[in-house]
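Below is one structure, written out as structure tokens; the observations come after it.
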Amino acid sequence: MSDIKNDAPPIRHLMMGNEAIARGALEAGLRVAAGYPGTPSSEIIETLAKQASKHNLYVEWSVNEKVAMEVAASASFANIRSMCVLKQPGLNVAADFLLHLSGSGTRGGMVIVSADDPGALSSINEGETRPYAKLMEVPLLEPGDFQEAKDMTKWAFELSEKIKNVVILRTVTRLSHASGDIVMGEIPEFTGKVEFRHEGFIIDPMEGAVMSAPVEYKHTLQQQKLAQTVDIFESSPFNIYNGPDKPELLIITSSICSLYCREAVSLLNLEKRVGILKMGTTFPLPPQFMKRHLSLTDRIIFIEEVLPFLEDEVKILCAEMVKDIGIKTFYGKRDKTIPMVGEMNADITLKALADLMGMTYQGAPEDYKKKAQELSFMKTPGREPTFCPGCPHRASFFSIHEALKLDNRHGFVCGDIGCYSMAVLPCGFQSIKTLHAMGSGTGIASGFGQLKRFGMDQPVLSVCGDSTFFHAAMPALANAVHHQSNIVMVILDNSGTAMTGFQPHPGLKTSAEGSDAIGIDIPSVCRAMGAHVTICDPFDLESTKETLLNMMDENKGVNVLVLKQACALSPEKKQKQKYDMTIDESLCQGESCGCGRICTRIFCCPGLIWDKDAGKSKINPVTCAGCGVCASVCPKGAILKKEV
Amino acid sequence: MKTSSPGSLKTDIQDRDLCINCGACTELCPYFKSYKGKIAMIFNCTLGQGKCFAHCPKAEVDLDELSLFFHQKPYDGHPLGHFKSIHVSRAGETMARVLFQNGGTVSSLISCALNNGVIDHAILTDKNGILPEPRLVNTTEDTLHCATSKYLAAPTLGELNKAMQNKLSNIGLVGTPCQMIAAALTRMNPMNQDGFKDPVSLSIGLFCTWALDTRKFMTFISSKMEIRDIKRMDIPPPPAGIAVIEKDREIINIPLEDIRPLILEGCSVCPDMTAEFSDISVGTFEDNPEWNTLIIRTEKGEQLVEDACKKGYLTLSDLPEKSLDHLLSGAGMKKKKAILKAGTEGLMNTLDNSKPAVLRMPESLIKTITK
Ligand SMILES: Cc1cc2nc3c(=O)[nH]c(=O)nc-3n(C[C@H](O)[C@H](O)[C@H](O)COP(=O)(O)OP(=O)(O)OC[C@H]3O[C@@H](n4cnc5c(N)ncnc54)[C@H](O)[C@@H]3O)c2cc1C
Ligand code: SF4
């Protein structure tokens, strides 16, 4: 990660999009930032946390996104600038609060940075931020490159303060995680004393109570703020038209897609025939500005990712203005010129433009895709997604799977979000059978556990991580206990928010800024909620399995099994092997009857390799993490472990 | 005998409810395990042939081949199988008087064999709560601990596989007829393993008409009482017609009609009541349940019984003619029913490329037995 700290302007710096957003916030005089980790947003809070003491900020990883937004809002109510950072699914979590927040309005500038992951590169959804702006009636900004990521973030705070409402800034994976050149600005010093003013007239926006009631009054006010926003957007420098005066085709685009459009137009030499309207302020669209550009031509194509948001908004405007601008022909997602799902790229854009402009686009040769596929299939070893060497999840799911099979009543696991989501795949022995949102595994299990009365006699398990436990699983557990749902909840406690890079959570004794925090003991919480709790080391396969079997047997109420073992990549474990692993070839049975090479065919830790020629398994000393679990997996005792 | 894959054992035997949880496919590998009376396949195994399939007494058992191996004679369909002599017996004066199932013949013979170097270990069936639990023993004391019958099907053969893995030999084995078949199949070295050595020196089979499905029984009984309160369960010989459950201070009789639905499906196609593939078979002497009916089948068996009588482990007497007739008709009836059922269910002598047969025997014999 580059050093975003202090370099005085006009220094240029290569920066990741997320760092640019953080820098923009610093330059805006940000004081409080709160978020919950989630790819591709996590680096924003991480970057800010590192600057906290130097620039006098308060930065926290909150328990979940709703609380993060509430924490950030409090600072705004105290009239200082604040930011809430989340990935899009987190916006859903916070949506209830956001509805009320947008109704109550804000004081100090408050920006919500919401990161979308088109193509679900590291998500299990393609959730869209943009419709939320419309739903919540708040402004939406979409930076189109790295410099804009910084500048727009800074400007978003000013806008928020001007209209006294929260502003959403939407980023996407390819902007957040790619890097570009940034010209830096000054970071202001903070002076003064903060106070929450509440003794004025009850509906006074700066001194009264902060709330969304009286609804009719506040809602009207909110809409006036949007109207004010439209005025401001009319002259926004973030909406840029590039192209001829009378283009044959107008591209309307936003966000990172604007780069694909520039590339496509340039590659096809269409600069004189096609214009690009890059919108930075995508909700509410400024009608006068739009009208000027919509009047340029009659053919319009929309290049955007996931939902046809711009497309729909522009079409509404066009309908309203048809008398002035005439009838248009639209191309985009609705007419299937552009796909409705997945990421956009320059190639899709090129193809669409070429077709519309009557050109033949000689992109990749016809059989290129086939050839590439063939080559990658023939020349590279098959690699399924899998858990890291030494990952506690592999051991946990090995035991969970075995217990479910032994139990033999078609039991199953309800899962949620974490590295362990991968247990829907062979690396987790396909144990997870429902996979939804944070904490949903336990909520769904709580429901399944009630279906006994309708004759369902399958054991019901749920899994959730330690961070997820605090984030969203506690209410589900409370529900299950309260209603005596018959379930086993397995908490895969690997001591951190491992998937997104080890951010702390309320169960740990440190905060985002690295200072002391109070760690909340998960087993005690579960016990206090009324569950029967057992703690096991997942590396002890036998006792984990036995415990699970007994819990499934019990057949009443909620049993919680906490499987405690730090992530193989956790700072405390990294580079440290507990055991030196070797294989006694004379004992290894390999593929013959009696083993069928369970280690490299089923368990499949990347630390183990199958030597085809020798017909024996081997330890890969480079990848082996020395956890020792495979020694208990081998039925012949051929895998030996020696403490180091 | 035809040996198929672990996958076929799962889909064609276990999933068709033919498995009787004998345990012959367990303790061989990480894939088949017995838990609470039911065999589970933990992970799939991709081998084309497995010992699991080869050992299974419900998969491709060619009775002729088995008989030639065990008795050096073809299978002839006699209700009691091949045997040398039949008697009644009970524990002799050397034996402690503990609670035996009947006359204590089984425990006495095993004790005698252990104490006189005929065997070094015995694989018996103890219990843990109400669940039967296979156990490897070396002493009379432990043998007596395993006395009495457990009516839930036990995975006893897993203990034999385990013993073989641990390279134990000179083992005495006690089990039901299906377990004796599985043991004989195991001893045939069906996968032609190098350096194979028959680990079993003595096999004592128990008479059996059926055993109970553990899970069905547990569901049934848990609706009537707390399972952990059950001290013992017994099924007295006919004409009692009841199962007796002993709790701490209470004895509960349950009519056998209520119990019958809990019998393992696989038992209905078992043609063997008297454990025809063992050295010695022991059952209840129905005229006097304090005694056993004893069938001696092999020279080894003959030798042990003689020795046991001489050393005071066993007392022998003659089996009345009437009782023999009764035994013959009981065993013959079971055989006939099983073979008819296997025939109508398509589990007998199936064609080569269809699902595996449970049993194979010459067509002519089928006709004689089912007449
Ligand atoms: C499931 C079952 C059904 C039976 N059905 C009949 C029948 O229909 N007619 C009949 O005449 N006899 C039947 N018997 C046999 C009978 O109950 C006695 O086991 C036999 O008479 C020997 O008595 P004993 O006093 O010598 O046994 P003991 O000296 O008390 O020894 C009993 C032995 O049986 C073994 N054993 C107990 N339970 C099991 C089990 N589930 N699986 C394998 N081994 C076990 C133990 O290892 C022990 O060594 C059955 C036995 C069982 C286990
Ligand atoms: S009958 Fe025995 S060997 Fe066959 S599947 Fe069942 S337990 Fe395994």
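Just the heavy atoms: all of them, side chains too, but no hydrogens, waters or symmetry mates, feed the values below.
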Checklist entry - Does a donor on one side chain and an acceptor on the other come within less than 3.5 Å for A:N620 and A:T623? => result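 There is such a pair (donor and acceptor under 3.5 Å, judged by atom type) between the side chains of A:N620 and A:T623.
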Checklist entry - Roughly how far, to the nearest 0.5 Å, is SG of A:C536 from NZ of A:K545? => result 12.5 Å
Checklist entry - OH of B:Y35 to CG of A:L549: how many Å apart, nearest 0.5 Å? => result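 Going from OH on B:Y35 over to CG on A:L549, the span is 4.0 Å.
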Atom group of [X] that falls short of 4.5 Å from chain B, counting heavy atoms:
{"X": "A:R601", "answer": "side chain"}
{"X": "A:I602", "answer": "side chain"}
{"X": "A:Q589", "answer": "neither"}

Item to check | Close contacts, residues 388-404 of chain A versus chain B, judged by heavy atoms under 4.5 Å | outcome: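 Near chain B, by residue number: A:F398, A:H401, A:E402.
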Item to check | Minimum-distance pair of heavy atoms, taken over all atoms of A:D537 and A:T544 | outcome: O-OG1, 3.3 Å
Item to check | Minimum-distance pair of heavy atoms, taken over all atoms of A:Q484 and A:Q450 | outcome: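 Heavy atoms only, the tightest pair is C-NE2, 4.2 Å.
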Next on the checklist: For B:K10, is there an ion pair with B:D15 - N to carboxylate O distance below 4.0 angstrom?
Outcome noted: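 Judged by the 4.0 Å cut-off on N to carboxylate O distance, B:D15 and B:K10 do form a salt bridge.
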Item to check | Charged N-O contact under 4.0 Å between B:D142 and B:R135 | outcome: yes
Check each atom of [X] against the heavy atoms of chain A and say whether the ones under 4.5 Å are side chain, backbone, both or neither.
{"X": "B:L28", "value": "backbone"}
{"X": "B:N44", "value": "both"}
{"X": "B:Q193", "value": "neither"}

Checklist entry - Relative to chain B, which of A:G596, A:S592, A:P635, A:G594 shows the most heavy atom pairs under 4.5 Å? => result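 Of the candidates given, the most pairs with chain B belong to A:G594.
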Item to check | Best-contacting candidate, B:Q49, B:K36, B:M191, against chain A by heavy atom pairs under 4.5 angstrom | outcome: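 The answer is B:K36.
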Item to check | Contact leader toward chain A among B:T46, B:L47, B:I42, where contacts are heavy-atom pairs under 4.5 Å | outcome: B:I42
Checklist entry - Just wondering, more than 12 heavy atoms not from B:K38 lying within 6.0 Å of its NZ? => result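 No, NZ of B:K38 has 12 or fewer neighbouring heavy atoms, counting only those of other groups under 6.0 Å.
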Next on the checklist: If you count heavy atoms of other groups shown closer than 6.0 angstrom to NZ of A:K433, is the number above 12?
Outcome noted: yes
Checklist entry - Between A:F448 and A:F412, what is the ring plane arrangement, given parallel below 30°, perpendicular above 60°, and tilted in between? => result perpendicular
